[in-house]
Structures are given as C-alpha cells and as structure tokens.
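Only this structure's heavy atoms are used, side chains among them; waters, hydrogens and symmetry mates stay out. Atoms within a ligand are numbered from 1 in the order they appear, just like the ligands themselves.
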Amino acid sequence: RKLQANAEDSEELVDPPKVEEKIGAVPNGLSTDSDVAKREAESISKRSLRSNAEKFEFQAEVSRLMDIIVNSLYSNKDIFLRELISNASDALDKIRFLALTDKEILGEGDTAKLEIQIKLDKEKKILSIRDRGIGMTKEDLIKNLGTIAKSGTSAFVEKMQTGGDFNLIGQFGVGFYSVYLVADYVEVISKHNDDKQYVWESKADGSFAISEDVWNEPLGRGTEIRLHLRDEAGEYLEESKLKELVKKYSEFINFPIYLWASKEVDVEVPADEDESSDEDETSESSSSEEGEEDAEKGEDEAEKKLKKKTVKETTYEWELLNDMKAIWLRNPKEVTDEEYTKFYHSLAKDFGDENPLAWSHFTAEGDVEFKAILFVPPKAPHDLYESYYNTKKSNLKLYVRRVFISDEFDELLPKYLSFLLGLVDSDTLPLNVSREMLQQHSSLKTIKKKLIRKALDMIRKLAEEDPDESNDKDKKDEEKSDEDEKRGQYAKFWNEFGKSVKLGIIEDASNRNRLSKLLRFETSKSDGKLTSLDQYISRMKKGQKDIFYITGTSKEQLEKSPFLERLNKKNYEVIFFTDPVDEYLMQYLMDYEDKKFQNVSKEGLKLKDSKDKDLKESFKELTKWWKSALASDNVDDVKISNRLSDSPCVVVTSKYGWSANMERIMQSQTLSDASKQAYMRGKRVLEINPRHPIIKELQERVVKDPEDEAIKQTAQLMYQTALMESGFLNNDPKDFASRIYNSVKSSLNISPDVAVEEEDDAEEVEAEVAKDASSTPNAEDADSDVKDEL
Ligand SMILES: Nc1ncnc2c1ncn2[C@@H]1O[C@H](COP(=O)(O)OP(=O)(O)OP(=O)(O)O)[C@@H](O)[C@H]1O
C-alpha cells in the first residue's frame, strides 16, 4: 500500500513497471519484450554496459579526473548529492526560463511539475535523483558528460592530485563526476523535448555508452541519475542521511525536493475472531443508554468497528525536504548571520570553512524595484585577473519575479566588481522577453548604478567596522570584544581584492572618489601597517600641500631610495606603491580632497627651503658645465636638488613622462612597442646635492679647469650611477663597467695609459710543441688499446 502526497500516479517510480507492462517499448532490432527484459536484467546484475550501446571514450582530462575521484580516500563523500541537486536545479531553471516565452514547452500533468525527486532502492542499492528539468539530448549527453568545456579544470585536476579538497568541485564545473565517490556504476536517463529518451552509462573505466532508452519508464522530460552505490556507500540508502544532507547543503534550492520516504502509520485491519470477542465486551460496557433506535444503530456501528484492529504499517509518500523560501525576499532583520553565510556557501558552491567577508541585503524602490544580496567572498578566485579585459564574467544571478533568468549578465556590475557574488531579483524587468532583449532593457542601467553604490558602501563599512582600521584607541572593553571578529577583515579584503579597487579607480570616473577612500597602502611611516588616504591626510605636516608617493618594486627597495632622504629627515610621510598597476592608477588619480599627488621621483617636488635660491646661484657654473658634459646622454637639465641628504645625486623624470619604475614595467612587457617607449620616456633631470663633498669638490675643480678630462669622466660616471640608484635600467653595462675600472685605476694610482699585458704567443706555441712530442708514444699505446677492445 502506497500513499502519494503530490503525484497521483508516481507510484510507478517506486516499482518501475516491468518491461512486459510497457506499451510500445520495443527497442530497435529486438522483437520481443522478453528480450529487452533479459538484456536489462543482465545489464543490471552484471553491471556491465549494455552491449548494443554506442561506446565513447572520455576526454583524457575527464578520465584523469574520474581516476582521481574513484581512487580517492576523500572522506567527505556527501558532496555528490548537493552537486546532483544543483545540476537538477539548474536544469529546472533552464526549462522555466524557456517556458516564459513558450508555455507549451512545459508540457502537461506531471511533466509540468518543476520538482526534484529522490528515491532509494535498498535491495538493489540504487539511489536515484530525478528532475523535470530541460533534459539532455543524445548530443548533450555526449558533450556534457564526456568532455569538460570550462577552463580551470586542469587546475582542479592538478589540485586534486596533490590532495586538494573535493569540496571545491562545483566551482570548477565538473561536479557531476563526484557521483563516482559513492557509485561504481552510474546511469543517466534523460529526455529532452527535442530528442528521444537516452541512457548514458559508465563504470568510470575510461569509457561511457549511450543507447536509446526503450525499457525504462518514459520520463516525459528531464533527467534521472541512477547511482549504483558501492558497498561501502550504504549510508546513502538511509532516508535520515539523505534528509540531513539536503537540509545541510541544498536548503536554498528554489524547487521542491521530495524524498520517497517511508512512514509508519496506524492502519485499521479486520481483527481475528478471538480478539473481536474480547473487544466486544469492552465496547458493550461503554455503550450509551439512549433511545432504542439509536441504540440499535449504535450497536451496528460498534459491531463494524469491533471487527477491525489497528496495526502499524510502513507506507511511502513524497516528503518535502526544503521550504524554498527565497532568502532575499525576507526581511533582512529576520535573517540570521548563519543563514546568510550558508546562503553564500550554496551560491558560491564553496563549502569550505571560510565565511564571506561582508554582505549587503537590500531592497531598491522607485522607478526600478529590485531586491538584492551581494557578498564579498573570503578569497579571490584563482583566475580573477586572468584576461581581465577579454572575458565576460559575472557572479551575479539575475531573477525576475523569482524566476531565474541568467548568471551571465555582465551588464549588472562593472568588471572591477566582478569578484562580488550574489543575486538580483527585479520586479520591474519584463518576464516574457528574450535574454537579448532583457540585456538592453533601460532598467538595467539603474540597477547597475544602485548595485555599485551599495557594493562600495558595503566595502566601506567593512573597513569602518574593522578595529585595525580605526585610530580610536579609547574604546570600551565590551565594544572591543564585539569587534574582535571583525579585526583584520579589511586587510584581508585588501590583499584579495585591492587590485580590483585600483582597476575601479582607473575605469570608473564617476565613483573615483568613493573608490579612492577604499585604497590602502604602506608608507614610509606606517610601520608595516596599511594606511588610507584619509589617514595620510590627517597626518600631513603643517604647510604640506601635496600627497607624496613613490613607485617601485618593493617596500624594502623604496625604503632605501635616495628620493626619500630629505623627506624622511624632515619627517614627511611618503606612500609606497609597489604593484605594477599602481603606475597606471596614478595616471588617473590626480588629486584627492583638493590635494595633488606628487611622485617624489619626479619633477615638481616642493619643500619649503629658503636657502635653495642662494645655492642655485653658487652652483650655477657646475650645473651648466655638467649639463653640457652629459649632452650625449639625453639629459635635459642639471639642477640643485631639494630631496637629497646623503647621496650626491639622483635622476628625476618629468611630470608627465614615465617614471623609472614605469620604464622598467614597459620594457619587461613582451609585446611593448620600442618606438612608444622612446616617446613616453620621461625627460631626465640630474639633481645634485650641494651639501655633498663630491659635489662640492667637483664644483671647485670645474671652476679651476672646466676642460679637465678626468673630471668629465667622473661626471659621466656619477650620472650613470645615479641612474641606477634612481631605479633606471642600465642599457649599456659594458660602458658603465669600463668607467668603474678607470675609476678604480685612478684610486690605485695606476696611470690610465697603462695597457693590459700582452700574452706571449711565441712561448705558448713552443710549449705546445714540446707537449706533443713527449706524449706521442703514449698516444700510440692508447690507440692500440682501443683497437684491442674493438
Ligand atoms: N540533471 C541535469 N539535467 C540537465 N543537464 C545536466 C544535468 N546534470 C548535468 N547536466 C549537464 O552536464 C553538465 C556538466 O555537469 P557538471 O555538474 O559536471 O558541471 P556544471 O553543472 O556545468 O558545473 P557544476 O559542477 O558547477 O554544477 C552541465 O553543465 C549540464 O549541461
């Protein structure tokens, strides 16, 4: 006896109809139903692929992946169920979307029911998951369950080989194959509206087979995955286990998930004679004393009742396992942090231990109405910045009135925010238009604008709530403990997604200021901690007009830069930009809060110094002389420096040309254009330190004898050394080295005219002849030895 909760005739799913019962189920090339039955029985019992099926080899990469899965000792095998349910839900989303423009597509009766059904066959050890989704044509089966189209799969295989976590499988688009964690033979029965019903089957041994399905119950439409469980995977035949897993992992699936669940119910059955007579007495004693007629009637009924008894019986019914209440439709105040976190994990297909860094759940009202939840993931995906400008990527799901439309709408968020995860559900967008039409809908612009605003607010808040970010040291203890879990969250965000903020500043002029507030960097005074522009400004010295920064490859390198000497001494703070993207960033970030940015390795650095003018005058001769001495080196000027303290000189670049760091970045790019490099190269100015003894000495000597060759050489060497110290690449190391050797010579008091001693060729020739003569007899011996051996 079976009860059905929602499907009148789904009884057949419990005991699939025997082949003989099927009408019109005669396969091609087979004449009788009993042949089919025989073949089917044989196939299942031996678990060998159907002999008449078309055989295919898995793509090599899939085979490798399956090998790893089959042989894995990975303990959390539970994940397969969530992957299958997620695939079923995707398939249902697809058919529901198509049905928006063509109702017929859904079909009638049970076929139109958008649901997922899970069923167990304890005897045969089969677990099946069925959906009434879009289904797969024969071609789909071959393509989707035999090859891997998505990139990143190799990365996943690599990860798995070195003991990675299978939990990540869903993120790599290969979730289906996780079935082989628990099954050694899998059948995928699928019916797409455009094709016949097919069975895909594989034992994960490098090949799969596909045959037209003429023996199973017709699915109408959709897919049924039958897992023939391995002996050690018996726990997945327990209803309680399946219920637990669905609750845990598939809570946010938007379609009903049913389990064909057993239930103990009280059933009245006819009682035995003996028992009924016993009960007779009891009932008599309790009978009513009403009128005669009533009494007679009552007796009749009592008699009927008495002939029955209540026994426990196991029945089956479809039990609904999820409540499908879309979390984004709920009032944010009523959703717990734990629920958001769980929802994030299901969206991200990331079931690791890490929680999202932040989320924002809001309703937009007005012309365009929508609800949205945005998450900042705990980690950037491995390929976030890979071909950043060429890939269309979005992690936002778009729903219209709860109907899933697409997760490929890159119009919803700008590229630099593509690391965010979440969904948008709009009531304003039309439901019954094609995806292409929707993509051009004017409301999308408004939605995008609001999403950006909310996203940036969310990130700003993440910083505000992080105690590491605040300067406020007088907080109460209880406030502090509350904040502890937020400590360090913004630094974490910055390490993962800082580059995205910078790309945002470059790309999104209208939000540049908001994004600039999110910038973090280290400075010459930040002590290894991250600082914001606002914090920098609050620490600016009295009278300091510009925000000082310097670019380079590392903080360690920059800390030693000669450009900082005087600034450090005078207690100015300088921002360190060490990411190659920073050079581009600073071409767009001209000012912040009315303050200009000044690269301290470029022209234009102004520090208040009254003596500068006098110095300029007194070194006029030297600077003029030096400029002409460097005429062939592309030096535009030689000036007195206001940034040096210990070094004798540095080379600075013009304001709008490339810095030394940028020149290095451009030269290291394989496809960079040499002519552009020459064009964009900043003008170079040699700046000298008038307080430095070398410079003072040079000044004196130049005044004495401007034509002194040795001084000219020294001036050249000084310039080349300054170039290197200022971060430029030396394009002529040979020339540089020979100048250094000349200088060494002079410091050793060796005359520059002394030449390198010539080798005595005559002596060498003689020595060689002598060596040949003495070795001849031995050579003969050796020769004969070789011959003997041969
Ligand atoms: N129940 C199903 N109904 C229809 N198509 C399906 C079903 N299950 C899988 N597929 C098809 O097989 C493909 C491969 O599935 P698989 O789970 O390996 O990757 P995915 O679904 O693309 O990504 P993910 O692993 O993230 O879910 C899917 O993209 C889908 O086209």
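Residue contact check: Phe176 has heavy atoms under 4.0 Å from atoms 15 (O), 16 (P), 17 (O), 18 (O) of ligand 1. Within ligand 1, the atoms closer than 4.0 Å to a non-hydrogen atom of Lys349 are 24 (P), 26 (O), 27 (O), numbered from 1 in the order shown. Every atom of ligand 1 with a heavy atom of Gly175 under 4.0 Å away is listed here by number and element: 16 (P), 17 (O), 18 (O), 25 (O).
At under 3.5 Å, not a single nitrogen or oxygen of Asp90, backbone or side chain, sits near a nitrogen or oxygen of ligand 1. Remark: ligand 1 and Tyr177 share no N or O pair separated by less than 3.5 Å (distance only, no angle test). Considering backbone and side-chain atoms alike, Leu145 places every N or O at 3.5 Å or more from each N or O of ligand 1. Note: no N/O pair closer than 3.5 Å links Met136 and ligand 1 by distance alone.
Between Asn395 and Phe375 the shortest side-chain heavy-atom distance does not fall below 4.5 Å. No side-chain heavy atom of Leu321 sits less than 4.5 Å from a side-chain heavy atom of Leu242.
Distances from atom 9 (C) of ligand 1 to the heavy atoms of Val62, Asn87, Ile129 show the closest one on Asn87. Around atom 11 (C) of ligand 1, the closest heavy atom drawn from Asn144, Thr147, Thr223 belongs to Asn144.
Using a 4.0 Å cut-off between heavy atoms, Ile225 makes no contact with ligand 1 at all. Of all the heavy atoms of Val174, the ones lying under 4.0 Å from any atom of ligand 1 belong exclusively to the backbone. Looking at Asp131 against ligand 1, only its side chain comes within 4.0 Å, counting heavy atoms.
Using a 4.0 Å cut-off between charged nitrogen and carboxylate oxygen, Glu251 and Lys342 count as a salt-bridge pair. Between Lys415 and Asp410, no side-chain nitrogen of the basic residue sits less than 4.0 Å from a carboxylate oxygen of the acidic one, so the salt-bridge criterion is not met.
Note: Phe208 and Phe58 meet the aromatic proximity criterion, with ring centroids under 6.0 Å apart.
Within 6.0 Å of CD on Glu235 lie more than 12 heavy atoms contributed by other residues, nucleotides or ligands.
Between Leu145 and Tyr177, the shortest heavy-atom distance links the atoms C-OH, 3.3 Å.
Checked by atom type, the side-chain pair Arg96/Asn254 shows no donor-acceptor distance below 3.5 Å.
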